[in-house]
Amino acid sequence: MDQVGGAPAPSGDSALALAKVPSGIQGLDEITAGGLPKGRPTLVVGKAGSGKTLFAMQFLVNGAVHYDEPGVFVSFEETAEDLVKNVRSLGFDLPGLIEEEKLSIDYVRIEKSEIEETGEYDLDGLFIRLGYAIDSIGAKRVALDTIEVLFSGLSNEGIIRAELRRLLSWLKEKGVTAVVTGESGQGECLTRHGLEEYVSDAVILLDHRVTNQISTRRLRIVKYRGSTHGTNEYPFLITAREGIVIMPVTTLGLEHEALEDRVSTGIERLDAMLGGRGYYRGSSVLISGAPGSGKTSFAAAFADAACRRGERCLYFAFEESPSQIVRNMRSIGIDLQAWIDAGNLEIRSSRPTAYGLETHLATMLRDVQIFRPDAVVVDPISSLITVGSEADTKAMLIRFVDYLKVNQITGLFTDLTRADGSPEQARIEMSSLMDVWILLKFIESGSERDRGLYILKSRGMAHSNQVREVIITDEGIDLADVYLGPGGVLTGSARYISEMEEGEEVRNREDELRARRIEADRKRKVLEARIAALQAECQGVQTEFDRFSRELDRKKRAQSEERGHLARMRQADRAAREHDREQ
Amino acid sequence: MSNESDRKARTTEEFEAALKDTDSRYILRLYVAGMTPRSQRAIENIKNIFETNYKGSYDLEVIDIYQHPELAKEAQILAVPMLIKQLPLPIRKLIGDMSDEDRILVGLGIKMLE
């Protein structure tokens, strides 16, 4: 089916590059690198209700309005009046365009029961009508919707096939760019009647799948001769304002610029844990946690912080209505309504089961494109898994995250993990997309559950490895250090009690120290007193001795004086006087 | 007087003829795209059938949509040659080179299927 072994597509700026005309359909010109092949027919294949007619009409209307290329719409199924009515809601003013000779609608009516075939014929009638319409308004674009009706309206298939071949080569000769629509066929055949045999330059497949009662529209370029093109299936929307809008997000690669700029998490202590400055701008953050662990509160704090910086935040909610979120967050001191009123915040709530993943993605991307936020919250991504498989959801999120990164939008995603079981394992797939992964986990102790916060990873920044206890109060979210005691990590009342106990112990120790100091002081004083007493005693002894010694001297002197006096009195001999002198 | 009665008689005759016309006269339009051999064949075939069976009681108008492309859209012409029986009602459409007389007569509601 696809182009096999074809020559490599010429590069976009080469002179040989295939000339293209812009379709003006949002996103299509990006994935086809310019639009549909100029002057050639493009086959648009799809089942009933897949948007073929709208595609063809948008191609013509855009041509007429934006590119000065008038167009002829040949309808084999719907009357001109029906067509006018059907696209009026999209803002297409067909009667006005017809009036200005920018558009011509020709309804070709074929009713098998009204026509008898008697011999050979050809479809010159169609050629002439079409040729006349093209010439009268100078049309550059043509839509044939759905030409396969010929097969049911006429019975000679040989003639129809020959005429189709002739018609398409005639259109090429005329140099008009044509969109030919066809019903998808079964099995090998792309279209029910093998139209691809005649329209071989470009084939676009519109798919409308319903899985689990949920419909998703996808577009794929099956073939584009001589041109590069995105080969993926692209989700598309049929919106009330713009008609078909294709989201060519899968073309994005991992080429986004990493920013050094940081944005606050909205929680001071958490900023501190993330190297003091919060998340990187343009990064993606996953907050996973059990029900009631405070994921939405974290998301709201983040949104609030963004708005506080004067930025814009888009909040996708899959579980709560905007007013419910506003009310609930007011209870923890976050006033989101003020930001909604100021136009900084927009909350988009939708049930995950409202539409398929692709449609969710496309809608979300469209919202982001229109609102141009600096920060986006998706709360929670786990809800989307109810719509598709985990693999599909991941694929969708990769595209969404890529889109946000390229546009330097910080994304915060919450993820509900089961209350039991290991959250790390449950969402391991999702976490690889994320730059920061914060886990909110209940810590049970002393018959109560407290919220613990773990930073499981944070790419490109120093971050705390400490567990913190999340305390949600009327004034917001705060993080507390957990008590790391001999019995492990303690939180809540247990932490409080432990802290008290520890405090008491400290106090006791201080008391003892004080008491001992006093005791020591006292003992020291006693000893000092004793020392003083002994010194005094010692001094007393010395004084006694000195006094005794002086007394003795005095006595000796007195004795000798007395003896001299006696000797003189007894006329003692010289010898005696000598003896006295020696004394 | 004679002049007047003459005119009266003639008017009556015309009226009766006209009455007869709306009853059984075939008003046919044959759309062709250029005077191709196929177009000429179709014209000849139709003329033959009606000259043989309904001589004098049919009107055949041949329209070349190459000359008048604006008429093709109006008359919902797709395949050519196309023969449209405008009258008597119901309107019938036939396409082809009119080579199958039986089918034409059945198609126009002139002959019943056997």
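Each chain gets a letter, A, B and so on, in the order its sequence line appears, and its residues count up from 1.
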Item to complete: Identify the heavy atoms of B:Ala33 and A:Asp124 that sit nearest to each other, and give their distance.
Response: CB-CB, 3.5 Å

Worksheet item: In terms of heavy-atom contacts, does NZ of B:Lys85 have more than 12 from other residues, nucleotides or ligands at under 6.0 Å?
Response: yes

Fill in: Nearest atoms (heavy-atom pairs only) where A:Gly119 meets B:Ser99
CA-OG, 3.8 Å

Worksheet item: So does B:Lys93 pair up with A:Glu116, basic N to acidic O under 4.0 Å?
Response: no

Practice prompt. Please flag which part of A:Ile110 lies under 4.5 Å from any non-hydrogen atom of chain B: side chain, backbone, both or neither.
Written response: side chain

Worksheet item: Applying a criterion of heavy atom separation less than 4.5 Å, what residues of residues 69-77 of chain A form contacts with chain B?
Response: none

Practice prompt. Supply the atom-to-atom distance A:Arg109 CZ to B:Leu78 CG, rounded to the nearest 0.5 angstrom.
Written response: 12.0 Å

Worksheet item: Side chain, backbone, both or neither: which part of A:Tyr107 has a non-hydrogen atom closer than 4.5 Å to chain B?
Response: both

Practice prompt. Step through the shown structure and confirm whether more than 12 heavy atoms of other residues, nucleotides or ligands are within 6.0 Å of CD on A:Glu99.
Written response: no

Worksheet item: Name the one of A:Ile128, A:Asp122, A:Leu126 that satisfies side-chain contact (heavy atoms from CB on, under 4.5 Å) with B:Val80?
Response: A:Asp122

Worksheet item: If you tally heavy-atom pairs under 4.5 Å against chain A, which of B:Leu71, B:Asp100, B:Ile104, B:Thr36 wins?
Response: B:Ile104

Discussion item. Between B:Glu70 and A:Tyr132, is there a side-chain heavy-atom distance shorter than 4.5 Å?
Written reply: yes

Practice prompt. Go through B:Gln76, B:Glu101, B:Arg92, B:Met98 and name the one with the most non-hydrogen pairs under 4.5 angstrom from chain A.
Written response: B:Gln76

Worksheet item: With respect to chain B, which residue among A:Glu117, A:Glu120, A:Glu163 yields the maximal number of heavy-atom pairs within a distance under 4.5 Å?
Response: A:Glu120

Fill in: NZ (A:Lys85) with more than 12 external heavy atoms under 6.0 Å
no

Worksheet item: Could you give the distance from CD (A:Glu114) to CD1 (B:Ile84), rounded to the nearest 0.5 Å?
Response: 10.0 Å

Response to the item:
Taken to the nearest 0.5 Å, the spacing of B:Lys73 NZ from A:Leu130 CG works out to 11.0 Å

Worksheet item: When you look at NZ of A:Lys174, are more than 12 heavy atoms from neighbouring residues, nucleotides or ligands closer to it than 6.0 Å?
Response: yes

Worksheet, complete the sentence: Whatever's closer than 4.5 Å to a heavy atom in chain A on B:Tyr66 counts as both

Worksheet entry | CD1 on B:Ile77 to CG on A:Leu123, rounded to 0.5 Å | 12.5 Å

Worksheet item: Are there more than 12 heavy atoms of other residues, nucleotides or ligands under 6.0 Å from atom NZ of A:Lys38?
Response: no

Discussion item. Looking at every heavy atom in both A:Tyr121 and B:Arg38, which two are closest together, and how far apart are they?
Written reply: C-NH1, 3.5 Å

